[in-house]
Participant: 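For reference, the structure I am asking about is given below.
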2 protein chains.
Amino acid sequence: MNRPLRVPRVDNRLPMLLDEAARLFGSQGFAGTSIRDIVRRVDMLPGSLYYHFAAKEDLLAAVYEEGVRRISERVAAAIKDQVDPWQRVEAACVAHLEALLEESDYAQVVIRVRPSDVPAIGARLVALRDRYERVFVDLTDALPLRAGTDRRTLRLMLLGALNWSQTWYRPGRDDAAAIARGFVALLRRPSNQE
Amino acid sequence: MNRPLRVPRVDNRLPMLLDEAARLFGSQGFAGTSIRDIVRRVDMLPGSLYYHFAAKEDLLAAVYEEGVRRISERVAAAIKDQVDPWQRVEAACVAHLEALLEESDYAQVVIRVRPSDVPAIGARLVALRDRYERVFVDLTDALPLRAGTDRRTLRLMLLGALNWSQTWYRPGRDDAAAIARGFVALLRRPSNQE
DNA sequence: GGACGTAGAAAACAAGTGTTTGTTTTAGTA
DNA sequence: TACTAAAACAAACACTTGTTTTCTACGTCC
């Protein structure tokens with residue numbers, strides 16, 4: 001009979017390890033971050049990481065998965081109370097961007113790291129990201145749009161603009177929620193004057 | 001009297017070297033590409049690269065600069081004949097995206113590589129990119145928009161959506177020009193039905 | 001109290017990294 | 001023919017990379 005109860009030790013540094021990995025993968029990318037970079041701040045030796053993960057890629061997969069979990073959670077909580085389709089989209093975008101820019105290193109990894117950069121687990125990462133973005137498919141499908149408007153294009157434009165903001169956003173100067181609302185407003189209200 | 005004319009050799013492989021560097025930096029990033037990766041396909045030895053460039057970063061700088069030059073050229077040619085502000089923006093976006101997705105490996109590098117990933121030349125890269133994007137500042141400033149519309153937000157949204165398309169675009173399935181026109185149309189015409 | 005799983009330390013491994021150094025080949029010039 | 005610069009070769013440099021192996025302290029459970 002196998003043992004269902006595994007008792008973790010109190011001095012377990014795995015959480016710290018994941019946090020640091022998220023911080024570095026998110027800011028320097030996968031190839032730009034070495035295992036020694038990660039373990040250094042956790043006061044661990046390089047080899048010790050391999051007790052928790054079989055390979056560097058698996059560490060990334062764990063961080064990436066946690067990142068998807070955290071964004072999904074934030075977005076789900078944000079749209080829960082909204083009923084108006086446009087307000088639901090706006091709430092989701094604000095939550096997405098706040099998680100991405102101001103809250104979680106884990107979320108940054110999801111946006112920053114390209115699955116194609118890590119062939120060994122690329123398919124897994126794509127599946128995770130697709131599963132998350134399905135929320136936005138539903139949200140944009142519910143929008144009352146003029147006939148002929150391409151909903152896929154609208155969704156790709158919105159998510160693209162949000163995700164790219166990671167490259168120019170500077171904390172203090174910019175405000176994540178304001179940016180997200182600004183993008184949604186541009187799609188919702190006409191900008192032209194014809 | 002010294003000789004201003006230096007005759008380059010005919011078997012000079014520098015152009016091939018730059019092409020290959022652009023291809024790899026664009027598809028695998030800076031840290032993800034080794035010097036041996038680059039020189040291999042050009043039938044060169046690692047050390048020979050250092051006759052042309054003092055460091056790996058300088059090779060990237062050369063590729064990046066050429067990338068900016070190529071996109072700028074394409075965009076300038078595209079807007080030259082247009083007079084209507086919205087059509088100028090559309091032409092610029094189509095040219096930007098076609099260069100980025102279908103034409104030039106060099107252009108991909110400009111979008112793919114983050115200046116912060118290469119601290120040694122980061123400031124130079126930022127300056128180059130800023131200089132290019134100034135075209136879009138002028139283009140969006142000329143748009144006839146309703147009072148109160150934030151032009152910076154509009155520009156960041158447009159460029160962000162375009163640049164991010166690099167992550168999901170697949171040749172054959174997608175069409176760069178159509179994507180660009182779709183994005184511009186969403187900003188130009190109202191999508192809602194209020 | 002012996003067995004066992006946890007969470008690492010310690011040290012090394014082979015392969016790969018950017019780079020340097022001395023030398024060679026090629027070709028135009030005086 | 002002698003000289004010089006261009007462009008690369010050949011081989012190594014010191015260091016970093018991801019990973020493996022062996023050993024050890026600690027707590028839990030029968």
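The chains referred to below are lettered A, B, ... by the order of the sequence lines, with proteins before strands, and numbering in each begins at 1.
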Participant: First locate atom CG of Asn163(A), then atom CG of Leu97(A), and finally report the distance between them rounded to the nearest 0.5 Å.
Facilitator: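 One gets 8.5 Å once the value is rounded to the nearest 0.5 Å.
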Participant: Could you name each residue pair satisfying ring-ring contact (aromatic ring centres under 6.0 Å, His included) that touches residues 42-66 of chain B, not counting sequence neighbours?
Facilitator: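 Qualifying pairs: none.
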Participant: Please determine whether a side-chain nitrogen or oxygen atom of Tyr51(B) lies at a distance below 4.0 Å from atom OP1 or OP2 of dA8(D).
Facilitator: no
Participant: Whole angstroms only, please: what is the CG-P distance between Leu49(A) and dA9(C)?
Facilitator: 11 Å
Participant: Measure CE/Met44(A) against C1'/dG18(D) and give the value in whole Å, please.
Facilitator: 16 Å
Participant: Can you tell me which residue pairs pass the ring-ring contact (aromatic ring centres under 6.0 Å, His included) test with a partner in residues 93-150 of chain A, sequence neighbours excluded?
Facilitator: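 Checked against ring-ring contact (aromatic ring centres under 6.0 Å, His included) - neighbours excluded - the pairs reaching residues 93-150 of chain A are His96(A)-Tyr132(A), His96(A)-Phe136(A), Tyr132(A)-Phe136(A).
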Participant: Write out a two-atom table: protein N or O, nucleotide N or O from nucleotides 19-23 of chain D, distance below 3.5 Å.
Facilitator:
unit_1: dT19(D); atom_1: OP2; unit_2: Tyr50(A); atom_2: OH; d: 2.6
unit_1: dT19(D); atom_1: OP2; unit_2: Lys56(A); atom_2: N; d: 2.8
unit_1: dT19(D); atom_1: O5'; unit_2: Tyr50(A); atom_2: OH; d: 3.2

Participant: Rounded to whole angstrom units, what separation is found between the CG atom of Leu45(A) and the C1' atom of dT17(D)?
Facilitator: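 In whole Å, dT17(D) C1' and Leu45(A) CG are 16 Å from each other.
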Participant: Can you hop from Leu45(A) to Leu49(A) via hydrophobic side chains spaced under 4.5 Å?
Facilitator: no
Participant: Does anything in residues 15-23 of chain B come within less than 4.0 Å of DNA chain D? Heavy atoms only, and list the residues if so.
Facilitator: none
Participant: Is Asn12(A) near enough to dT6(C) that one of its side-chain N or O atoms lies under 4.0 angstrom from OP1 or OP2?
Facilitator: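 Checking Asn12(A) against dT6(C): no side-chain N or O falls below 4.0 Å of OP1 or OP2.
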Participant: Give the cluster check for Trp168(B) versus Leu158(B): same hydrophobic cluster or not, with ILVMFWY residues linked at side-chain heavy-atom distances below 4.5 Å.
Facilitator: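 Shared cluster, yes.
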Participant: Ignoring backbone atoms, test whether His52(B) places a side-chain nitrogen or oxygen under 4.0 Å from the OP1 or OP2 oxygen of dA6(D).
Facilitator: no
Participant: May I have the distance from Asp37(A) (atom CG) to dT17(D) (atom P), rounded to whole angstrom?
Facilitator: 6 Å
Participant: Kindly determine whether Arg70(B) and Glu73(B) satisfy salt bridge (Lys or Arg N to Asp or Glu O under 4.0 Å), including the steps that lead there.
Facilitator: CA-CA 5 Å; Arg70(B) 293 197 185 187; Glu73(B) 203 176 53; over 6 Å; no
Participant: Check whether any side-chain nitrogen or oxygen of Arg13(A) sits under 4.0 Å from OP1 or OP2 of dA9(C), and answer yes or no.
Facilitator: yes
Participant: Expressed in angstrom and rounded to an integer, what is the separation of Phe30(B) atom CZ from dG18(C) atom P?
Facilitator: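 Rounding to the nearest Å, CZ of Phe30(B) and P of dG18(C) are 8 Å apart.
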Participant: dA9(C) P sits how many Å from Asp43(A) CG, rounded?
Facilitator: 8 Å
Participant: Between atom CG in Leu14(B) and atom P in dT26(C), what is the gap in whole Å?
Facilitator: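 Spelled out: CG on Leu14(B) to P on dT26(C) is 20 Å.
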Participant: Quick one: do Glu65(A) and Arg124(A) make a salt bridge, cutoff under 4.0 Å?
Facilitator: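 Looking at Arg124(A) together with Glu65(A), the answer is yes, because their closest N to O distance falls below 4.0 Å.
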Participant: How would you list all residue pairs meeting ring-ring contact (aromatic ring centres under 6.0 Å, His included) that involve residues 19-49 of chain A, not counting sequence neighbours?
Facilitator: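 Counting only pairs at least two positions apart or across chains, the ring-ring contact (aromatic ring centres under 6.0 Å, His included) contacts touching residues 19-49 of chain A are Phe25(A)-Phe30(A).
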Participant: Go through the structure and list residues passing side-chain contact (heavy atoms from CB on, under 4.5 Å) with Gln166(B), not counting sequence neighbours.
Facilitator: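 Gln166(B): side-chain contact (heavy atoms from CB on, under 4.5 Å) contacts with Arg114(A), Leu100(B), Leu101(B), Gln108(B), Ile111(B), Arg112(B).
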